[in-house]
Amino acid sequence: MNAPHWRPGGRAELRQLLAQEWDVLIVGGGICGAGILLEASRRGLRALLVEQRDFAWGTSSRSSKLVHGGLRYLKEGQFALTRESVHEREALLREAAGLVEPQSFAFGDYVGRKPGRRAFLLGLAIYDRMAGQRSRHYYPRDEFLQLAPHIDVEGLRGGMCYTDAKTDDARLVMRVLQEAQQHGGTAFNYLSVQGLLREGGSVRGAQLRDELDAGGATHMVQAKVVISATGAWANALRAQGGAPRRLRPLRGSHLLLPAWRLPLAQAVSLMHPQDGRPVFAFPWEGVTLVGTTDLDHGEDLCHEAAITRVEVDYLMTALRRQFPELDLREDDIIATYAGVRPVIDSGQADPSKETREHALWLENGLLTITGGKLTTFRVMALDALKQAKTLLPGWNDDLRQQPIFATAPALHYRRGLPPGQASRLQGRYGAQAQALLDAAHPAELQTIPGTETLWAQLRWAARHEAVQHLDDLLLRRTRVGLLLRNGAAAILPRVKAICQPELGWSEQRWRTEESAYLALCEAHYSLPPEQGTKRQYG
C-alpha cells in the first residue's frame, strides 16, 4: 500500500490527519523511530511519526552501513549486547535479503600487532557460537594475500576471516516505514516539534510546525504517549521539561573511493597505527567505503555534520599504511560524509570506550529512547513499547518478537533487468518492488553508471516516497549523490527529465533545489578546506 500523503501534493490532508487522537506520537524519523512505528502499528495502536527534517536525515543515513554483532564489544565484556546484536543481524539477513547482505571481513595477523592470532580467534569463536554458525577461518600468509591483495606484507604471518553484514541504512529506514504504513501507521517528514503539550504536568501531545508551509502552519496533536526517538538530538526535547543532559554526541566520519582505486572483495579491518582503533574498508554500492572516526561532536546539531581535515588525514594514514602499493591520494576520494552517534555519557575520557547500549527514560510522561545501534532497532522499539504500556490502559499486547518484514512476493521477469537486481529491489522495496518495475519507462531498468542504482528508482522515489527536496532524492532515497563525484552533478540533466514531472516542480523550483543541493554537497559531503580546522583527533 502506498501512502497517499507521501505523493507530491499529498500533504493537503495534513491538518485533517493530525487532528485525530493518537495512541502514540513518535518524534524522530530515523531507524529507531521507524521501528517503533512498525511495532506499534502492527499491534493495533494508532501511531503517528513526525520528523523535523527528512526521514533518516540524521544518523540513520550516515552510519557505517554495517549490520554487525559488535565483535569489539566482546573485548569490553559486553556479552549480552553482542549476543543481542548477533541475533538481530541473523534475523535481518533472513528477512531482508537483498537489503541486508553478508560481508566477509579479513583481519591481518602481523608480528607484534594486537589483538594477536590466539585472542582474535577466541573472540571469533564466541562470536560464531552466538550466531550458531562457524564463519571464522585462519589462512596462512600466501592464501591470505589472495583474499586481501594490495595489503601491507611487512610482518604479515597470515590472517583471519569472519562474516558480518552490511546494508543501505537509509533504505532500511524506508523499508521499515513502508512496512509500518501497511499496518496503518502514519509518517510525515518536515514536521518539527515546537513544544510539548501537558495535562496535569504530564506530556500528552505536541505542537508541530509544518516546515514546508511558507506561513509556518502549526498543529496541536494529542497523544496518550509521546516517544522521543531523536537519537543525538534527544537532549533538546528533554530539556523542555527541565531534564539534565545525558547524551554525548560522537561524530563518525567516512570516505568513499572508486572501487578501481581500492579494489576489495573482502572487507579489510585493521587497527589504526596511531591509536589502535579499528578502521575498515569494504565494498558498498559499487564503491569502497572507509571508516570510521570517533570524536566528540561539539558543533550545533541543527547543522549537518561534516568531516574535518584532521579526520581525513587520520583515515588516509590508515589506508596508506594498510595498502602501501596503491599510492592512495586525496584526489581519489569521491565523497565524504559524517554522522553523529547518540552515545550515553558515562564520563569516559576515550569516546570509543563509551557503551553503545540503549537507554530509556520516562520523565513526566515523555518517554525517551536513545543510544543503541542500527542492528538492534527492533529490540529498542519493543523495549520502548514495554515502557509505554503503563501509559496505555487497556492495551495488553505481549510484545513478543514477530518477523521484521513480511515475505515479499516474487517478481515477474522483466527483460533487461540486470543480474542481481531482482533480489536487491525486493529487499529495498518489499511488496512495492513489482510496482516500481511496472512504472519504469524505457531504458530506466539500466543501472546509473558507477552505481548499482536503477534509473527507475529515481522515478519511483519522486512519485511515491515523500521527496520534498532534491537532497532527499539523491542522498537518502537513492545514494547517487554519494556514489558519484560532485554530488552526481554530471547526471542531473537526466535526473531532472525523469523526476521534475513526477514532483510537479516548476523550472524556478528545480533551479533553486539544484543550487541548494550542490552547495550542500560542497559544504558537507566533499573534502574540507586545507586550512581552518582547529579540532585535534584523540
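The residues of the chain are indexed from 1 along the displayed sequence.
Around the CD atom of Q207, the shell of radius 6.0 Å holds more than 12 heavy atoms that belong to other residues, nucleotides or ligands. Applying the 6.0 Å contact sphere to CZ of R329 captures no more than 12 heavy atoms from other residues, nucleotides or ligands.
Inter-residue side-chain proximity for V226 and V193 is flagged as unmet; no heavy-atom pair is nearer than 4.5 Å. Looking at S41 and Q182, their side chains never come closer than 4.5 Å, going by heavy atoms from C-beta outward. In this structure the side chain of F377 reaches within 4.5 angstrom of the side chain of L92, judged on heavy atoms. You'll find the side chain of E502 stays beyond 4.5 Å of the side chain of W460, heavy atoms only. Side chains of E465 and M174 form a contact here, defined as non-hydrogen atoms less than 4.5 Å apart. With contacts defined as side-chain heavy-atom distances shorter than 4.5 Å, the pair T293/V310 does not qualify. N189 is not listed as a side-chain neighbour of R476, based on a closest heavy-atom distance of 4.5 Å or more. Looking at heavy atoms from C-beta onward, H68 lies out of side-chain contact with F105 at the 4.5 angstrom threshold.
At a threshold of 4.0 Å, the pair D210-R15 does not count as salt-bridged, since none of the basic side-chain nitrogens sits closer than that to a carboxylate oxygen. Electrostatic pairing of E285 and R428 counts as a salt bridge here, judged by a charged N lying under 4.0 Å from a carboxylate O. R251 has no carboxylate O lying under 4.0 Å from a charged side-chain N of E299, or vice versa, which leaves the two without a salt bridge. Remark: R479 engages D169 in a salt bridge, criterion side-chain N to carboxylate O under 4.0 Å. A salt bridge does not link E513 with K496: every distance from a Lys NZ or Arg NE/NH1/NH2 to an Asp or Glu carboxylate oxygen is 4.0 Å or more. Taking a cutoff of 4.0 Å between a charged side-chain nitrogen and a carboxylate oxygen, E51 and R53 do not qualify as a salt bridge. The existence of a salt bridge linking D213 and R11 is excluded, since no basic side-chain nitrogen approaches an acidic carboxylate oxygen closer than 4.0 Å.
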Exercise for review: Might you work through the side-chain contact (heavy atoms from CB on, under 4.5 Å) test for L255 and M316, ending with a clear yes or no?
Suggested key: CA-CA 9 Å; L255 309 175; M316 290 302 295; 3.8 Å; yes
Exercise for review: Could you give me the CA-CA distance, side-chain angles and deciding distance for L18 and L48, then say whether side-chain contact (heavy atoms from CB on, under 4.5 Å) is met?
Suggested key: CA-CA 9 Å; L18 296 182; L48 168 68; 3.7 Å; yes
Exercise for review: May I have the step-by-step check of salt bridge (charged side-chain N to carboxylate O under 4.0 Å, His left out) for E330 and R309, ending in yes or no?
Suggested key: CA-CA 11 Å; E330 283 191 14; R309 170 55 47 186; 2.6 Å; yes
Exercise for review: Tell me, with the steps shown, if D164 and Q103 meet side-chain contact (heavy atoms from CB on, under 4.5 Å).
Suggested key: CA-CA 5 Å; D164 253 320; Q103 176 62 61; 5.6 Å; no
Practice item. Apply side-chain contact (heavy atoms from CB on, under 4.5 Å) to the pair L289 and Y337, showing each step before the final yes or no. Key: CA-CA 10 Å; L289 190 154; Y337 70 89; 3.5 Å; yes
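Between the side chains of R238 and T370, not a single donor N or O lies within less than 3.5 Å of an accepting N or O. Side-chain contact, T376 with E88: no donor N or O sits under 3.5 Å from an acceptor N or O. For the residue pair H254 and S64, a side-chain donor N or O sits within less than 3.5 Å of a side-chain acceptor on the partner. Side chains of Q457 and T478: a donor-acceptor N/O pair is absent below 3.5 angstrom, by distance only.
Separating the CD1 atom in I227 from the CG atom in L360 is a distance of 9.0 Å, to the nearest 0.5 Å. Distance check, rounded to the nearest 0.5 Å: OG1 of T453 to CG of D168 gives 8.0 Å. To the nearest 0.5 Å, atoms CH2 (W505) and OG1 (T512) are separated by 10.0 Å. Put simply, CG on L470 and CH2 on W510 are 5.0 Å apart, with the number rounded to the nearest 0.5 Å. Residue T167 holds its OG1 atom at 8.0 Å from CD of E101, rounded to the nearest 0.5 Å. Distance CD/Q178 to NE2/H183: 10.5 Å, rounded to 0.5 Å.
Checked against side chain to side chain contact (heavy atoms under 4.5 Å, CB included), A40 has the following partners two or more places apart in sequence or in another chain: L45, A47, L385.
Side chain of E444 to backbone of H441: a donor-acceptor contact under 3.5 angstrom is found. At least one donor-acceptor pair under 3.5 Å links the side chain of E311 to the backbone N or O of T308. Without hydrogens or angle criteria, Y517 side chain to G487 main chain gives a donor-acceptor distance under 3.5 Å. Remark: the backbone N or O of E452 is not paired with any side-chain donor or acceptor of T447 at under 3.5 angstrom. Although no hydrogens or angles enter the test, the distance criterion places no donor-acceptor pair under 3.5 Å between the side chain of R7 and the main chain of A466. No side-chain donor-acceptor contact under 3.5 Å links D332 to the backbone of L328. In this structure, the side chain of H524 engages the main chain of E304 through a donor-acceptor pair within 3.5 Å.
Note on ring orientation: taking the six-membered ring where Trp is involved, the planes of Y190 and H469 are perpendicular (angle over 60°, cut-offs 30° and 60°).
Under the 6.0 Å distance and 45° angle rule, R62 counts as a cation-pi partner of W57. By the 6.0 Å and 45° rule, K166 does not stack over the aromatic ring of F280.
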